[in-house]
Amino acid sequence: MKASELFFPTLREVPSEAEVLSHQLLLRAGFIRKATAGVYSYLPLASRVLKKIMNIVREEMDRAGGQEVILPIVQPAELWKKSGRWEVYGDEMFRLKDRHNRDFALGPTHEEIITTLVDADVHSYRHLPLLLYQIQNKYRDEIRPRFGLMRGREFIMKDLYSFDIDEEGLDVSYHKMYEAYNRIFQRLKLQYRVVEADSGAIGGNESHEFMVLAENGEAEIVYCENCDYGANTEKAVCSLEEPKAAEEEQLEREKVHTPGQRTIQDLLDYMNIPKEKQIKTLIYYADEELVAALVRGDRELNEIKFKNVLGCNQLFMADEAAVKQLCGAGFGSLGPVGLPLKTYIDLEVSQMKNFACGANEDDYHFINVNLGRDFTPAGINDIRNAVTGDSCPVCSAPLYSMRGIEVGHIFKLGTKYSEVLEANYLDQKGREKPMVMGCYGIGISRTMAAAAEQGADENGIVWPLPIAPFEVIIVPVNSKNEEQMQAAWSLYEEFKQEGLETIIDDRDERAGVKFKDADLIGIPLRITIGPRSLQEKQVEIKKRTAKDVELVPLDAVSSRVKLMLKEMSK
RNA sequence: CGGGAUGUGGCUCAGCUUGGUAGAGCGCCUGGUUCGGGACCAGGAGGCCGCAGGUUCAAAUCCUGUCAUCCCGACCA
């Protein structure tokens, strides 16, 4: 491809609408342009990257026994009403009406349509298992689209749905997908972790997320370097460390005047009480009832875990006015002693002795509070967020935490959809049974953004070779120099013969512009043809990731490039 | 939906307080000089200042409404 003909409008400055790195870079490098909030056009470079990602995904889905289908994006409301999700999905579903005033949705996901499809034509155990997948646009009218392609309203997604005769069958399908996903992300050359995930509203009993590691990913995960345990912090189990060897003696409880001291940090500064010797008292509305949650001063309450413990539908923080009325003190002076609420404490708190907390009287705290003697909890549960240094629930080694971008998510659905949508089959004995389903998604467009995010440096994107829009870019330093251009064109022809995906920067631009653009769009290898080396019948080869260049004789370039590419794809 | 901010050539932004014929840099076009990390000189094209009302002799500027975009939060396969 000639750079002079390639449509890649690069920008020198960062468009003000872009906040996160991948968004900025994809805009600047001429990969995407916004049509409206959360909806983007993919320009030629992006199109090439997406195709490569899709092809890798496609190959692995096929290898795992999947069959590709193309499903409707415009879907009738009846299907969604039948599954109950017409209401459940709420405002997040793009809805439209046809000329007859009938309701439709733009598919946010395809469980309904595919289950109906399978139901219509699969009736026997003989035809199961069945693994069908699609790679298509999906639509979600996000409350707040953001981060460019990371959270769009229109996005490209691969979804595979598995249909099995029973749970054992589902286990097999799930495992196949688990393996396929690992192959995919390895082939994409992304740094990622598989983590246990909360299966959320979708239901099912097992679920894993595939997270591409990135500093400003939207999810926090913890993982173990000793074993392969990993989990979303929402889900990560905090096991209790061994009880302290020397039991501290219980001291007399004391009330201390602490004017204006409200936060954990305040108390540390004011009275030098370490955060680990304080407890945080948080008041929540669990549906209608006010309850208290206690965690150690330096910990964070995990609302999801807490909600699961309580088994309530809604959980949100109480407002200060209500708290003050009920407890007699504002947020900064709360504590469990004499608190007229059900009090749930974190496992860790149950181990603490002689700790400090609010006295339920403004500007007063207690010190040397002890569980049992001073208050009685309604429950002792794991209700805090896991953090770096916690011990792994599997092998007890220390856990590390990191941020990640969720690019894949696999679920066991069970019979949730097959039951309501009546996707049944007859087993060997002629009995009618619901199919057991799984669903397995990969955000294709999000994966592109995640790759850009993960690989970027100060000069631009650094694509992993397997998904780079082109493999090599040839840069003649001076397009008006015939000798250079001749060498460039002959290399270009040679590369083309060899099947290398090559750009030749034949634009009449200064060298600096060409180098900047080559770096920005992130081509893995750059061949520079300049007067210095050309005199010696040599050219320079530079990896996008390397600082230095390698001088290679003209007649050895193509074999050297092929070798380098081969090494890079290992 | 709550809180905050912003809408001025393709991109980044100034001008608005104090109303008086719309600016800069980058990009684009022409010519020239340059040519190894986003060159320089000269000339040029391009904007009903988001939109609609209002105030005024006069509105990018003041007022009202509206739309859009972005950030934070709630939410989230």
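We name chains A, B, ... by the order of the sequence lines, and we start the count at 1 in each one.
- Distances were taken from every side-chain heavy atom of A:Pro531 (C-beta onward) to each of B:rG36, B:rC71, B:rG38; the shortest belongs to B:rG36.
- Counting to the nearest Å, the C1' atom of B:rC35 and the CZ atom of A:Arg510 are 5 Å from each other.
- Taking atom P on both nucleotides, B:rG47 is separated from B:rA39 by 28 Å, rounded to a whole Å.
- Searching all strands for a Watson-Crick or G-U wobble partner of B:rA74 with both distances below 3.5 Å returns nothing.
- Using C1' as the reference atom, B:rG23 and B:rU69 are 24 Å apart when rounded to the nearest Å.
- When each of B:rA77, B:rC28, B:rC11 is scored by its nearest atom to the side-chain atoms of A:Glu509, the top-ranked nucleotide is B:rC28.
- Using a 4.0 Å cut-off between a side-chain N of Lys or Arg and a carboxylate O of Asp or Glu, A:Arg151 and A:Glu142 qualify as a salt bridge.
- Using a 4.0 Å heavy-atom criterion, one finds that A:Asn481 contacts no nucleic acid atom at all.
- Rounded to whole Å, the distance from NZ on A:Lys34 to P on B:rG10 is 15 Å.
- A salt bridge links A:Glu111 with A:Arg85: the distance from a Lys NZ or Arg NE/NH1/NH2 to an Asp or Glu carboxylate oxygen falls below 4.0 Å.
- As the counterpart of B:rC26, B:rG10 is assigned, both hydrogen-bonding distances of the Watson-Crick or G-U wobble pattern falling under 3.5 Å.
- Across B:rU69, B:rG37, B:rC71, the shortest atom-to-atom separation from the side chain of A:Arg146 is found for B:rC71.
- Figure legend. B:rU69 is base-paired to B:rA5; pairs are counted as Watson-Crick or G-U wobble with both atom distances under 3.5 Å.
- Of the candidate nucleotides B:rA77, B:rC11, B:rG36, B:rA77 has the atom nearest to the side chain of A:His409.
- Contact between the side-chain N/O atoms of A:Ser16 and the OP1/OP2 oxygens of B:rU12 is found at a separation under 4.0 Å.
- In this entry the distance linking CG of A:Asn478 with C1' of B:rC35 reads 5 Å, nearest Å.
- Note on A:Tyr440: nothing from the nucleic acid sits closer than 4.0 angstrom, heavy atoms only.
- Between B:rA60 and B:rA74, the distance separating the two C1' atoms is 37 Å to the nearest Å.
- Atom-to-atom, CD of A:Glu17 to P of B:rC70 comes out at 6 Å; the value is rounded to the nearest Å.
- For the C1' atoms, the distance from B:rA22 to B:rC16 is 13 Å, rounded to whole Å.
- Across all strands shown, A:Val14 has heavy atoms under 4.0 Å from sugar-phosphate atoms exclusively, and none from any base.
- B:rA42 and B:rA58 are spaced 38 Å apart, taking the C1' atom of each and rounding to whole Å.
- Across all strands, A:Asp519 comes closer than 4.0 Å to base atoms (heavy-atom distances).
- Residue A:Arg526 contributes atom CZ, which lies 10 Å from atom P of B:rG37 at whole-angstrom precision.
- If you look at A:His23 and A:Phe31, their ring centroids are not closer than 6.0 Å.
- Nearest nucleotide to the side chain of A:Phe515, out of B:rG38, B:rC11, B:rG37: B:rG37.
- Side-chain N or O atoms of A:Ser162 include one that pairs as donor or acceptor with a backbone N or O of A:Gly438 at under 3.5 Å.
- Between the C1' atoms of B:rA14 and B:rG9, the separation comes to 14 Å (whole Å).
- Taking atom P on both nucleotides, B:rU17 is separated from B:rU64 by 15 Å, rounded to a whole Å.
- Side-chain nitrogen and oxygen atoms of A:Arg12 include none within less than 4.0 Å of the OP1 or OP2 phosphate oxygen of B:rG38.
- Among B:rG36, B:rG37, B:rG27, the nucleotide with an atom closest to any side-chain atom of A:Glu540 is B:rG36.
- Across all strands shown, B:rG31 pairs with B:rC41; the Watson-Crick or G-U wobble distances both stay below 3.5 Å.
- Heavy atoms of A:Gly441 sit nowhere under 4.0 angstrom from any nucleic acid atom.
- The CZ atom of A:Arg532 sits 8 Å away from the P atom of B:rG36 (whole-angstrom rounding).
- A cation-pi arrangement, defined by a distance under 6.0 Å to the six-membered ring centre and an angle within 45 degrees of its axis, is absent between A:Arg95 and A:Trp80.
- As rounded to whole Å, 13 Å separates atom C1' of B:rG4 from atom CD of A:Glu19.
- Base pairing annotation: B:rU18 forms no Watson-Crick or G-U wobble pair, as no partner gives both donor-acceptor distances under 3.5 Å.
- Note on A:Glu509 versus A:Lys514: no salt bridge recorded, every NZ/NE/NH1/NH2 to OD/OE distance being 4.0 Å or above.
- Note on A:Arg153 versus A:Asp141: salt bridge recorded, some NZ/NE/NH1/NH2 to OD/OE distance being below 4.0 Å.
- Comparing A:Arg446 and A:His23, the nucleotide of RNA chain B nearest to each residue sits closer to the 5' end for A:His23.
- Taking only side-chain atoms of A:Lys516, from C-beta outward, the nucleotide of B:rA77, B:rC71, B:rG38 with the closest atom is B:rG38.
- Contact annotation for A:Gln484: no contact, since no heavy-atom pair falls under 4.0 Å across all strands.
- The aromatic ring centres of A:Trp463 and A:Phe470 sit 6.0 Å or more apart.
- Taking 4.0 Å as the cut-off between side-chain N and carboxylate O, A:Glu68 and A:Arg58 count as a salt-bridged pair.
- Mapping A:Glu13 and A:Thr36 onto RNA chain B by nearest heavy atom places A:Glu13 at the nucleotide closer to the 5' end.
- Using atom C1' as the reference point in both B:rC62 and B:rC41, the two lie 44 Å apart (nearest Å).
- Closest contact between the side chain of A:Arg28 and the listed nucleotides B:rG38, B:rG25, B:rU69 involves B:rG38.
- As a whole-Å value, the separation of A:Lys480 NZ from B:rC35 P is 11 Å.
- When distances are taken from the side chain of A:Arg144 to each of B:rU12, B:rC72, B:rG38, the shortest belongs to B:rC72.
- Across B:rG36, B:rC76, B:rA77, the shortest atom-to-atom separation from the side chain of A:Arg151 is found for B:rC76.
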